[in-house]
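Written out below as structure tokens is the structure these notes cover.
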2 protein chains.
Amino acid sequence: MANALTRRLEEYTALSAQDRAELEALAALSTHTIPPRRDLIRQGDTPRSVYLILEGWGCQYRTLADGRRQILDFAVPGDLCDLNLFILDKMDHSIAAITRLKVAEIGREVLHRVVTNSPNITTALWWQELVSKSVLREWIVSVGQRCASERIAHLMCEMFLRMESVGLTNGSSCDFPPTQQDIADATGLTSVHVNRTLQDLRRQGLIVLDRQRLSIPDMPALQAAGQFNPDYLHHRRLKRHSREGRNASEALPLRLTA
Amino acid sequence: MANALTRRLEEYTALSAQDRAELEALAALSTHTIPPRRDLIRQGDTPRSVYLILEGWGCQYRTLADGRRQILDFAVPGDLCDLNLFILDKMDHSIAAITRLKVAEIGREVLHRVVTNSPNITTALWWQELVSKSVLREWIVSVGQRCASERIAHLMCEMFLRMESVGLTNGSSCDFPPTQQDIADATGLTSVHVNRTLQDLRRQGLIVLDRQRLSIPDMPALQAAGQFNPDYLHHRRLKRHSREGRNASEALPLRLTA
DNA sequence: CGTTCAGTTGACCATGATCAAGAGTGGTGG
DNA sequence: CCACCACTCTTGATCATGGTCAACTGAACG
């Protein structure tokens, strides 16, 4: 049974049975549960470990002196935060739990060993590093160029596809736990305006969002509304997503290692 | 004189004489001159080389279907665009010259050799990769949270310090070739509003910007105006007594699959 | 010298912010 | 199990930042 990290890395490259075992071990080594809204690590802290998200949603954010907060990315199962520890002596952003979070804590030595022993995994980690950079670029495009409804539609498309790539969607729906305030902090809008824009998208039948559950009845339509083009996610399996609609059968259920 | 890449990488870690020679060779191997406003490589192209900026300014950008353009970063001497080639099969952004540009084109095999032979350089490349990610994060914060004058002041502070870290400042001034339209595309504003905001900053005596030359008479004041905190640049020289560079055996290998 | 591109200015407009109050919802303890 | 509390969501009224459109100025370069 594969964990989300394996699944995600296999988005890029074939892993051997041994690689997979290696990753399983990694995910099982030292796990923690973090309550909702708690910080995992703060801006300015010295990073000591990489965190692998096993269950739940988190986010990376920075705060300004006057308290304004900008969410820089959401973290879903299979995401790795943050390779910084090998190089940088201080965290340049904070990481927080949105829901209750299960994470695996991977220490420097362990990661170093894995990376020395497995070229496939090293390459795959590079891949995920470059992809997450591409995602950051797209977030700049969103806040810089897109209007409110486009930003929100775009965010929904992105997160849905990221959830799908680790098998956490069910047909056309998936968990979506961020509050409207979180969405506001991620998109550079106010929560009031997010609220109104969500109502708009709902009225147009583009999304159903209720009790932390998101449904996308017509993905191509939502993509059009958000000026969304999935190329930047560099998902290999995603090629078939390009505005043509999806294969319903592809979402494999995923059990997460604890 | 040492080239800008050497200088930039030494921002992070000590390089041996051999490392330095290696980098010199890299920069001399295959150089090109690109006229202003020309694209070096386009979104969707297959990356074949890494470009090292030797002289002049460039930018990375993405365009939307309707022609809106978002600049994602500026590239100044010593910057490396883009390690993507080892991993990703398609460019997810374009790179263009702003001024006339001198670049060194570094092919896959050459970079591969360097990286195999020199752990110091490998580590330093990782460092620059992570730092540029941190810069992308700060750009998200800017467009997401800062008002027009803050965004522009922030951008000026950042670019000045980046120029300074490769020795391209002269007292309190440096080249600053982007047009007001470029600044607009980078900050998510319109060129009209950039114009008015620049006048404002000039009126306050925070910047002098004339004929592609930027002067910052009072850096602390400009930093305050832009809510600028240099930590995210991870420049070591900004904090004198940081600890020694990590030892090379700890370096995360950069595995390059052909 | 004329052409082109960047910069500048003015009038008007729209998207999204702000402020404030009220309605659901879910979780907790009595 | 219910009542209460806190948090999230919703709504309305008003405002401001920054966008749009259009015309004009000025500098650089052949």
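The sequence lines fix the lettering, A, B, ..., with proteins before strands; numbering per chain opens at 1.
The pair B:Glu138-B:Lys133 does not count as a salt bridge, with every side-chain nitrogen at least 4.0 angstrom from each carboxylate oxygen. Ion pair B:Arg7/B:Glu11 not flagged as a salt bridge, since none of the NZ, NE, NH1 or NH2 atoms sits closer than 4.0 Å to an Asp/Glu carboxylate oxygen. Comment: B:Arg69 engages B:Asp182 in a salt bridge, judged by a side-chain N to carboxylate O separation of less than 4.0 angstrom. The residues B:Asp79 and B:Arg8 are annotated as salt-bridged, a charged nitrogen and a carboxylate oxygen being separated by less than 4.0 angstrom.
Rounded to whole Å, atom P of C:dA6 lies 12 Å from atom CD1 of B:Ile98. The distance between atom CD of B:Gln181 and atom P of D:dG19, rounded to the nearest whole Å, is 11 Å. The interatomic distance linking B:Arg37 (CZ) with C:dC5 (P) rounds to 11 Å, in whole Å. What separates CG of B:Asp200 from P of D:dT17 is a distance of 11 Å, to the nearest Å.
Two rings, from A:His235 and A:Phe160, have their centers 6.0 Å or more apart.
Remark: B:Arg213 CZ is packed, more than 12 non-hydrogen atoms of other residues, nucleotides or ligands lying under 6.0 Å away.
The rotation axes computed at either terminus of the helix from C:dC1-D:dG30 to C:dG30-D:dC1 lie 50° apart, taking five pairs at each end and rounding to 10 degrees.
Aromatic ring orientation, A:Tyr232 versus A:His154: parallel (interplanar angle below 30°, classes split at 30° and 60°).
Using a 4.0 Å cut-off, some side-chain N or O of A:Gln199 falls inside it from OP1 or OP2 of D:dT11. Residue B:Gln180 places at least one side-chain N or O under 4.0 Å from the OP1 or OP2 atom of C:dT8. Listed pair B:Arg146 / D:dT17 fails the phosphate criterion, with no side-chain N or O lying under 4.0 Å from OP1 or OP2.
To the nearest 0.5 Å, the span separating OG1 on B:Thr187 from CZ on B:Arg151 amounts to 6.5 Å. Interatomic distance, OG1 of B:Thr31 versus CG of B:Leu52, reported as 10.5 Å (0.5 Å rounding). Note that CG of A:Leu72 and OG of A:Ser132 are 11.5 Å apart. Values are rounded to the nearest 0.5 Å.
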Protein-nucleotides 24-30 of chain D N/O pairs under 3.5 Å:
none

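For the residue pair A:Asp39/A:Ser94, the side-chain donor-acceptor check at 3.5 Å is not satisfied.
Taking a 4.0 Å limit (strictly below) on heavy-atom distances, residues 183-197 of chain A reaches DNA chain C at A:Gly188, A:Leu189, A:Thr190, A:Val192, A:His193, A:Arg196.
At a threshold of 4.0 angstrom between heavy atoms, the contacts of B:Arg68 with the nucleic acid are absent.
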